[in-house]
Amino acid sequence: MRPEKLFPLFVSVTRLNGVGPAAKTALARLLKRDENSPVTVRDLLFHVPISVIDRRISPPLTEAEDGNIVTLVVTVEDHLPPPKRGGKSPYKVICNSSQGYVTLVFFHAKPDYIEKSLPIGESRAISGKVEHYDYMLQITHPDVIAPAADLKKIQSLETVYGLTYGISNRYLSKIIQAGLKTIQELPEWLDKHYLAQQKWPSWLQSLIALHNPKDLADLLPEAPVRRRLAYDEILASQLALALVRKRLKKKITTPVSDCKTLREKLKNLLPYKLTHGQQEVLAEIDNDLSSGNRMLRLLQGDVGSGKTVVALMAMLRVVEAGGQAALMVPTELLGRQHYAVISQFADSVGYKVLLLTGGMKGRDYQMATDAIAAGEVDIVIGTHALFQDKVIYKNLMLAVIDEQHRFGVEQRLALTNKATDTHILVMTATPIPRTLTMTAFGDMDCSNLTEKPAGRREIATKAIPISRSEEVLEGVGRAMAKGDKVYWICPLVEENEDENLPQDLAAVEARYIEFKARFGSRVAMAHGRMRAEERDKIMLGFAGNEYDLLIATTVVEVGVDVPDATIMVIEHAERFGLAQLHQLRGRVGRSDKQSTCILLYSDRCGEIAKSRLRVIRETNDGFQIAEEDMKLRGSGDILGTRQSGVPDFYFADLGQHYDLMRTAYNDVKLVLHEDEQLKSQRGEALRHLLYLFGYDESIKFLGAG
Ligand code: ADP
Ligand code: MG
């Protein structure tokens with residue numbers, strides 16, 4: 001049970017004054033929550049500010065330089081709406097002040113909004129960034145327009161947050177401040193001496209300070225408050241991971257008997273022979289299974305290296321020995337794909353396979369779980385739903401985890417709770433630097449699949465400036481005419497670029513309309529805001545025979561296998577991280593046909609982005625790319641963190657807080673050595689910390705506290 005002191009943090013944001021249904025939806029979008037995990041006060045308070053704007057002082061208009069923030073009272077003199085056929089001309093509002101003229105500029109403005117908020121002849125307090133344009137001073141989209149009497153109120157330090165459409169910075173600040181008032185101090189979980197040595201404030205004080213920065217320096221990763229919060233977060237994850245590791249200890253089990261009938265049958269059915277690499281890895285797995293020790297093996301292999309069939313072979317041995325195997329995948333779509341492949345051979349080889357989806361309800365779900373409990377199915381495929389309490393296995397001998405970098409600690413915890421004695425095979429296409437694997441999975445043996453299946457050709461990767469996209473489109477048309485399939489990935493858009501528009505969505509939809517007009521009906525679209533079932537249908541239609549061109553956001557990134565796809569176009573490739581580009585590229589080149597990946601880039605991209613494009617063009621080797629990725633990221637680039645297997649953090653930034661990782665690792669070791677069940681005073685506090693960061697599952701390991 002979650003400790004009472006944490007209750008106020010885990011109530012819905014709608015309990016705060018002024019948060020209605022519309023705000024709830026927008027907040028869910030901003031904080032990446034859905035119906036299953038509604039936004040809580042904690043989520044809101046964990047939204048870290050990105051900047052601070054000082055409106056307390058502003059230079060006189062005559063001395064203001066481009067980019068300065070000015071805050072002053074103006075009188076509205078005139079409105080200059082754009083001409084009727086003005087295309088993209090802005091709406092201008094001419095204002096006068098005691099310091100001279102300033103023009104307010106609005107693009108895509110709604111005239112009634114401007115007429116209402118800036119009526120001619122009236123005074124208003126405004127604040128925003130000035131620039132010179134045609135010898136005039138102007139402010140494009142002022143940050144603040146308020147009654148003149150509010151000038152003093154506006155002249156303050158303003159904390160700036162990442163936003164999404166439907167949420168303004170002022171509103172967000174207001175509800176965050178309101179949220180801070182509803183929570184209380186938590187028991188101190190840090191070691192007293194360490195805390196004293198670091199001179200950090202308490203947790204609550206730190207959180208309050210985080211949202212009330214006095215200047216930009218307070219928000220930098222090295223600011224004490226940031227470091228304290230980062231340390232808390234890292235400590236929580238290290239502690240949870242240590243508890244996973246304790247569960248994942250090697251231990252004695254009976255060797256799995258080594259019969260090969262099922263495997264031989266499968267080998268005869270496969271349209272190809274296993275590569276040397278695949279055979280070697282399988283031999284390593286077999287060794288583990290025969291050894292009498294529990295297997296804990298990490299299989300790293302680049303996208304397309306053929307990990308699935310290795311896993312299937314491993315599962316068949318277990319099945320033949322009378323056990324069950326579970327294959328856990330990060331998305332239902334991937335589950336369905338694996339199911340399609342694995343069920344295809346089930347009858348002829350002689351095993352039973354079942355797909356357990358989160359969408360299964362009532363009778364279907366009951367029948368599925370009954371069959372698992374009765375041992376009527378041999379292989380179960382599914383998301384982490386596989387390891388819920390309700391699912392009971394008759395004899396689970398092997399758990400395979402695919403695309404492990406997509407799973408959070410929480411899901412791993414669920415798995416280790418269930419599979420206490422089970423052999424474990426973890427697969428990943430995203431090589432993780434050694435230091436991080438250690439912390440993520442502890443003492444696993446490692447296999448590498450470096451060889452690609454024979455007959456594969458290198459994917460040709462080209463970088464082409466966006467100004468030449470017409471040529472690319474012609475190529476796409478030719479490929480489609482030949483019956484090849486094409487992915488077109490739309491740019492990543494930072495959601496806070498414009499408060500009013502979901503731009504990534506707009507980008508996909510615009511392309512969809514454009515390409516449908518150009519290429520006809522065999523064009524489809526998939527994006528993250530679609531319902532999952534709808535999206536899966538589209539993807540399967542693309543894998544099947546319905547569509548030839550798929551316009552998509554990065555939702556196609558995870559493991560989908562469409563062997564006919566030969567062209568991957570990535571628009572604004574400079575905005576993607578290296579690991580992500582590599583994953584995307586791995587969606588093509590899955591047959592013996594020559595495949596091409598085209599990186600459409602903007603000529604205005606920066607140096608690091610250019611280096612990324614160069615790396616991706618020069619090599620197809622995922623391991624090398626992972627290393628380069630770390631190097632480039634070390635130089636201050638954080639794009640692509642989400643994809644690289646590094647867990648997502650709210651406060652911590654592994655580039656900047658690496659030292660804290662080490663400290664936390666040692667701290668945890670000591671704590672668990674002295675107080676294994678977390679029963680001391682500090683242990684109690686650490687339980688609060690685990691709950692605070694959502695590692696509820698890990699508490700189960702500890703028994704009643
Ligand atoms: P990943 O390692 O990315 O999970 P998959 O297991 O999805 O890769 O395999 C990618 C493709 O390669 C699949 O279509 C699979 O059928 C095929 N494949 C796997 N092993 C071989 C092999 N030895 N020879 C030829 N094709 C293979
Ligand atoms: Mg795979």
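Positions are given from 1, in the same order as the sequence printed here. As the structure lists them, so they are numbered: ligands from 1, and atoms in each ligand from 1.
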inquiry  = Is it the case that ligand 1 has an N or O less than 3.5 angstrom from some N or O of G304?
reply    = yes

request  = Give the ring-plane orientation class for F693 versus Y650, where under 30° counts as parallel, over 60° as perpendicular and anything between as tilted.
outcome  = tilted

query = Taking only residues two or more places apart in sequence or in another chain, which ones pass salt bridge (Lys or Arg N to Asp or Glu O under 4.0 Å) with D347?
reply = none

request  = Would you check the N or O atoms of G306, main chain and side chain alike, for any that come under 3.5 Å of an N or O of ligand 1?
outcome  = yes

message = With a heavy-atom distance limit of 4.0 Å, tell me whether D402 approaches ligand 1 through its side chain, its backbone, both, or neither.
response = neither

ask   = In ligand 1, which numbered atoms sit nearer than 4.0 Å to a non-hydrogen atom of T275?
value = 23 (N)

message = Less than 4.0 angstrom from a charged side-chain N to a carboxylate O is my criterion; do K267 and E264 meet it?
response = yes

inquiry  = Within the 4.0 Å heavy-atom shell around R590, which atoms of ligand 1 are there?
reply    = 3 (O), 7 (O), 10 (C)

message = Which residues pass the salt bridge (Lys or Arg N to Asp or Glu O under 4.0 Å) test with R614, not counting sequence neighbours?
response = none

Numbered atoms of ligand 1 (with element) below 4.0 Å of T308, judged on heavy atoms = 4 (O), 5 (P), 6 (O), 7 (O)

key: Per-atom contacts of ligand 1 with K273, taking only distances under 4.0 Å to non-hydrogen atoms   = 22 (C), 23 (N), 24 (N)

request  = Begin with the C-alpha distance, continue with both residues' side-chain angles, and end with the deciding distance and a verdict on side chain to side chain contact (heavy atoms under 4.5 Å, CB included) for M315 and Y351.
outcome  = CA-CA 10 Å; M315 293 194 281; Y351 55 86; over 6 Å; no

request  = Taking all heavy atoms of L449 and all of K307, pick out the closest pair and write down the distance.
outcome  = CD2-CG, 4.0 Å

ask   = Quick one: does S305 get within less than 4.0 Å of ligand 1, heavy atoms only?
value = yes

